[in-house]
Colleague: 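Mind looking over this structure? Questions follow.
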Amino acid sequence: MFVMNYHFWQSEFGGDPNILNKTFILNGKPTTLVGIMPSRFNAFRANFWLPMSDGRSDASVMGRLKPGVNVQAAGADLDAIAHRYQKANPGGPFPLPEKFAIVPQTLLDSLIGGFKKTIYGLLAAVLLLLLIACGNVANLLLARATARDREMAMRSTLGASRARLIQQLFTESFVLAAVASITGCALAYFSLKIVVALIPAGTLPEETLIHMNAPVLLLALGITLLTTILCGLAPALHTMRGDLQPRLTGSGKGVGTTFRHGKLRASLVIGEVALSIVLLIGAGLVMRSFLLLTHVDLGFDPQNVLYFRLSLPKAYNTDVDVTREKKNVLTRQILDRLRDLPGVISVSESIEEPPLQDEWSDTIIPGKTHTERWQTTLESVSEGYFQMLGVPLIRGRLFSEDDVSAARQVMVVNQAFVRHYFPNEDPLGRQVKMDVLDRTFLDAPHDTYFEIIGVVRDYKTRNFDNPAWEALPQAFIPYSVQGYSWRTYMARMARTALDPALLLRTVGQDGSEGV
């Protein structure tokens, strides 16, 4: 049985409710459709969800916490379980390192964690802008209150109490604030629709729903009440101070009151200017960071590069008759067909799209001893990988089509690899063993050394455990050397002569047709 994505149901079946409980062929097996998920549920952007029953080693573990249990407590329990497993299975099929720690993370943080800092920065900027606006409004109300000295004195003489006058001034402030709040909410409602429409597709998870809701409106009303008190309190108190007689008769010209009001207005202006400078400095730093990010040297050229994955049938992994050689033939056919598409300049295959790297391997170099752990990010690629990304060759040569077709045990490394393992030495021709390929469940050459044939320029990368971007030691081997499960969903990339988005549908329809 399986569950279908709502959008896939709408686009492919026109929202037909009669397809429920019908049988479809998935991965070569009859499978019954038992449900359609809501429109906002798009976990991992999958079209179908099936029960997990094959014991995959790369599965993610998720769970809903009981009420009152926090993430840290759950992480401590998982850490204890993982360490017990490590002690009980030191040489098991999925060995854990001697020293490790379980770091839990909420699903929300994993999806939009990178946006939290941005949102907090925007919130700080909005609060500064609010303080500036409050100071400006308070200054205007104070100037208006100064002009109404005689009016307030007359009202007091006619019997109005000070509390009644303060109430009147606050009521006027509340009316002004209410009109501003209604106008602001209306502008926010329509502006939000424009902003959401401008957000590029894929920037936020599809489950994200950005709209105005009741808590937001209540918070806006609360801030309105607070700012009304802040803006109206000082003018109201200053209006009630001093002797009423000079203000009523006009004698003395209200010098004392005017002086006091002038000092307060000057203080407000100074505060506004100071906050404005802080806001401008922050905006300048953000703009500077934005400009630097748009001109940062990644080490490769990402312009006009189309990236996608092809999901192959499950039997492609499990069928013993599908040998590594057959997988290599299929991969070559896919790449050749993609290369023949109009507008495609060059194509390539890799495990992960650059600059992300996820697979690390202990590195063994004959004749070299070391005390620290030597780790290298390992990537399986086709012969056109470096040319397609525009990564220049520093020394030696790159992979040829013969290298990949014959699954030769050759390797290309980056400059960081040379700096870490071959300082002041010539790395060409040296032998390197990648320990990760010795895992028993991998269809890869075990206890095999690769010959370094070339050195390419560094490009900054990171893995999922370390968010810092840096030039890490990298090694590249031909994709044909290994034939394990990653081959079913390795990334295909193509450099195009026009907008890559225009070719996406063509690639989906024609790229794997007939393969």
Side-chain angles (χ1 to χ4, degrees), residues 95 97-98 299-300 324 328 348-352 354-387 389 391-463 465-466 470-484 486-487 490:
E98 293 183 2
F300 65 94
R324 187 192 312 171
N328 291 341
S348 179
E349 175 174 290
S350 63
I351 296 176
E352 291 289 344
L356 295 177
Q357 297 290 338
D358 189 31
E359 182 59 30
W360 286 78
S361 175
D362 288 326
T363 307
I364 301 172
I365 302 176
K368 285 186 173 289
T369 59
H370 53 90
T371 56
E372 73 279 5
R373 189 178 184 183
W374 280 3
Q375 285 192 302
T376 302
T377 60
L378 181 63
E379 186 68 89
S380 298
V381 302
S382 61
E383 68 275 6
Y385 180 81
F386 305 103
Q387 297 92 327
L389 290 180
V391 178
L393 177 68
I394 304 300
R395 301 181 62 184
R397 68 177 181 86
L398 300 175
F399 297 133
S400 66
E401 185 173 343
D402 289 339
D403 291 332
V404 178
S405 298
R408 291 174 183 160
Q409 293 161 2
V410 291
M411 174 183 291
V412 174
V413 299
N414 68 342
Q415 292 171 296
F417 186 98
V418 176
R419 289 194 301 269
H420 278 76
Y421 308 136
F422 296 99
N424 303 318
E425 297 181 58
D426 184 5
L428 298 182
R430 301 295 294 268
Q431 300 290 316
V432 178
K433 177 182 177 181
M434 308 307 290
D435 188 63
V436 69
L437 297 177
D438 287 341
R439 295 177 180 176
T440 56
F441 59 90
L442 296 183
D443 180 13
H446 296 167
D447 196 27
T448 300
Y449 288 82
F450 292 81
E451 178 186 353
I452 299 177
I453 61 172
V455 180
V456 295
R457 179 186 176 187
D458 292 335
Y459 62 77
K460 292 185 179 181
T461 184
R462 68 177 176 89
N463 58 57
D465 297 325
N466 182 12
E470 53 186 326
L472 302 171
Q474 290 181 275
F476 306 86
I477 61 175
Y479 69 80
S480 53
V481 171
Q482 48 78 24
Y484 46 94
W486 276 333
R487 295 291 300 283
M490 288 184 71

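Heavy-atom basis, side chains included; hydrogens, waters and symmetry copies ignored.
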Colleague: Using the test salt bridge (charged side-chain N to carboxylate O under 4.0 Å, His left out), find all partners of D402 that sit at least two apart in sequence or belong to another chain.
Modeller: none
Colleague: Test I453 against every option in V412, V413, L398 by the side-chain contact (heavy atoms from CB on, under 4.5 Å) rule and name the one that passes.
Modeller: V412
Colleague: Partners of Q415 by side chain to side chain donor-acceptor pair (under 3.5 Å), sequence neighbours excluded?
Modeller: none
Colleague: Is a donor from one side chain sitting under 3.5 angstrom from an acceptor on the other, for S348 and S382?
Modeller: yes
Colleague: Please name the pair of heavy atoms, one in R395 and one in E425, separated by the smallest distance, quoted to 0.1 Å.
Modeller: NH1-O, 4.4 Å
Colleague: Is there a donor-acceptor pair closer than 3.5 Å between any side-chain N or O of N414 and the backbone N or O of L472?
Modeller: yes
Colleague: Once you round to the nearest 0.5 Å, how far does CE of M434 lie from OG1 of T377?
Modeller: 8.0 Å
Colleague: Distance check, rounded to the nearest 0.5 Å: F399 atom CZ versus Q387 atom CD?
Modeller: 10.5 Å
Colleague: Side chains of V436 and W360: does their closest heavy-atom pair fall under 4.5 Å?
Modeller: no
Colleague: Using the test salt bridge (charged side-chain N to carboxylate O under 4.0 Å, His left out), find all partners of D362 that sit at least two apart in sequence or belong to another chain.
Modeller: R373
Colleague: Shortest non-hydrogen contact from V481 to A407?
Modeller: CG2-O, 4.0 Å
Colleague: Report the residues that fulfil side chain to side chain contact (heavy atoms under 4.5 Å, CB included) with E401, sequence neighbours left out, ordered by chain and then residue number.
Modeller: R332, E383, S405
Colleague: In chain order, what residues pass the salt bridge (charged side-chain N to carboxylate O under 4.0 Å, His left out) check against D458, with sequence neighbours excluded?
Modeller: R419
Colleague: Which residue is it: R430, Q409, R408, Q431? I am looking for the one with a side-chain contact (heavy atoms from CB on, under 4.5 Å) to E451.
Modeller: Q431
Colleague: Determine whether F386 and F476 satisfy the following criterion, ring-ring contact (aromatic ring centres under 6.0 Å, His included), listing intermediate values before the conclusion.
Modeller: CA-CA 10 Å; F386 305 103; F476 306 86; 5.0 Å; yes
Colleague: Show your working on side chain to side chain contact (heavy atoms under 4.5 Å, CB included) between V432 and Y421 and close with a plain yes or no.
Modeller: CA-CA 10 Å; V432 178; Y421 308 136; over 6 Å; no
Colleague: Taking all non-hydrogen atoms of both residues into account, name the closest pair between V418 and P427 and its distance.
Modeller: CG2-CG, 3.8 Å
Colleague: Determine, stepwise, if the pair Y479 / V404 fulfils side chain to side chain contact (heavy atoms under 4.5 Å, CB included).
Modeller: CA-CA 7 Å; Y479 69 80; V404 178; 3.3 Å; yes
Colleague: Looking only at heavy atoms, what is the nearest atom pair of E349 and Y385, with distance?
Modeller: O-CD1, 4.2 Å
Colleague: Shortest non-hydrogen contact from V455 to L428?
Modeller: CG2-CD2, 4.4 Å
Colleague: Which atoms form the tightest heavy-atom contact between P473 and A416, and what is the distance?
Modeller: N-CB, 3.9 Å
Colleague: Who are the side chain to side chain donor-acceptor pair (under 3.5 Å) partners of E372, not counting sequence neighbours?
Modeller: W374
Colleague: Only one of T448, D447, T363 forms a side-chain hydrogen bond (donor to acceptor under 3.5 Å, both in side chains) with K433, so which one is it?
Modeller: D447
Colleague: After noting the C-alpha distance and the side-chain angles of T376 and S361, does the key distance pass the side chain to side chain contact (heavy atoms under 4.5 Å, CB included) rule?
Modeller: CA-CA 5 Å; T376 302; S361 175; 5.5 Å; no
Colleague: For the CG atom of L393 and the CZ atom of R457, what is their distance to the nearest 0.5 Å?
Modeller: 13.0 Å
